[in-house]
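This report concerns only the one structure given below.
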Amino acid sequence: MPEALFQVKRLSELAQAGQLKGKRVLIRSDLNVPQDEAGNITEDTRIRASMPAVQMCLDAGAAVMVTSHLGRPTEGQFKSEDSLAPVADRIATLLHRKVPLISNWVDGGFQVQPGEVVLLENCRVNVGEKKNDDALAKKIATLCDVYVNDAFGTAHRAEATTNGVAKFAPVACAGPLMAAELDALSRALANPRRPLIAIVAGSKVSSKLTILKALSEKVDELIVGGGIANTFMLAKGLPIGKSLAEPDLVNEAREIMDLMEKRGAHVPIPEDVVVANELSPLARANRVPADQVAEDDMILDIGPKTAARLSTMLAHAGTIVWNGPLGVFEIDQFGGGTKMLAAAIAHSPAFSIAGGGDTLAAIAKYGIENQVDYISTGGGAFLEFLEGKTLPAFEVLAERAKD
Ligand code: 3PG
Ligand code: MG
């Protein structure tokens, strides 16, 4: 395992050293899960992924408090739909124990004994949370002896519970989920086994321009897909019909390709594509060479020759970073490229890491969850990490590790 990008204190080390026994431990998790209209949890990956930290603290004899945000509530105005109540129930089911939900907890006044866990109501309802208010952070820090940040999904936010509390708590460390994310990202990007191949796909270059630029300096092959690929095709002088693209960004695309080529790296441009006249489940899909896209065609997937070529590349990769499906995979006739690349990633001996909402949906659709080495729980946090930004949660934990 290459060195982590940030050296942080780890909860597992404290647990092993017996430093949690009888201690008040506050865990900031990311339990921000999707819910239906009635408030039922529709997908609980983040809750399940957050349980090892809680269990580790309970096993070590700590009095455990867990908090998280849920949605984007207005500070100071708690509404019942903002409540973590469904999350408390789910945790109780997963851990087979009682999980009391505590409201208005910032000033303390609630009980939690060693070996018990409580859930502290939606932290984003506290006034000052979003602005990372020091006064709020200090108050919260007095509730605990040890602060644990296990909320990778919120690591890109500098808020009181993700950053401020870490400054003021007696001890601040990374939970096992945070540590696993950090290790996987370090392995993929800090000192990767080569060739390093990134797949960056999505509708717009503009929304992923910083990622494309940051990765273009590191990777050996930058596979682009979706509207992003169309803009790169345009930059290569290929016809793209009425496909989604950003002609304004053709120069940026060209620059990325030129800079990469100078150091022997590439953006593989599709040699064939799947086109249709309309984007609909009933659309008739046609496969055409990349230089024969007609004026009223829309490119909705890479073609089979391209998919085969990219699959061969992925089979020989050392490391794969995947963000974004290649085509409109939700509609089967435009999902062939994503499906084939998913299979190639699944079978590749490379260390593979994937993240981002659409990517997880594609992984689920093609059933390769167990064959991707690491699936990030981060959406925005994963993307900002790929952009090369320093995440505020890592930054403060690294700072506190020097104590
Ligand atoms: C997410 O869902 O990406 C995280 O929980 C962060 O939520 P936010 O975008 O509301 O800060
Ligand atoms: Mg969100």
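As the structure lists them, so they are numbered: ligands from 1, and atoms in each ligand from 1.
Ion pairing between E159 and R124 holds under the 4.0 Å rule for side-chain N and carboxylate O. Taking 4.0 Å as the cut-off between side-chain N and carboxylate O, R287 and D272 do not count as a salt-bridged pair.
The 12-atom threshold is exceeded at NZ of K242, counting heavy atoms of other residues, nucleotides or ligands nearer than 6.0 Å. Residue K131 places its NZ atom among 12 or fewer non-hydrogen atoms of other residues, nucleotides or ligands, all under 6.0 Å distant.
Considering backbone and side-chain N/O of D30, one or more are found under 3.5 Å from N/O of ligand 1. Residue contacts with ligand 1: N32 is placed with a nitrogen or oxygen under 3.5 Å of a nitrogen or oxygen of the ligand (distance criterion only). Among the atoms of E159, none of the N or O lies under 3.5 angstrom from an N or O of ligand 1.
The distance from ligand 1 to the heavy atoms of R72 drops below 4.0 Å at these ligand atoms: 8 (P), 9 (O), 10 (O). In summary, the atoms of ligand 1 found under 4.0 Å from a heavy atom of R124, numbered by their order in the structure, are 8 (P), 10 (O), 11 (O). Near R157, meaning under 4.0 Å from one of its heavy atoms, ligand 1 places the atoms 8 (P), 9 (O), 11 (O). Close approach to H69 involves these atoms of ligand 1, each under 4.0 Å from a residue heavy atom: 4 (C), 5 (O), 6 (C), 7 (O).
In terms of modelled atom types and a separation under 3.5 Å, the side chain of T319 and the main chain of R193 share a donor-acceptor contact.
With F168 as the aromatic partner, K138 meets the cation-pi criteria of under 6.0 angstrom to the ring centre and within 45 degrees of the ring axis.
Residue contacts with ligand 1, taken as heavy atom pairs separated by less than 4.0 Å, involve R46 solely via side-chain atoms from C-beta onward.
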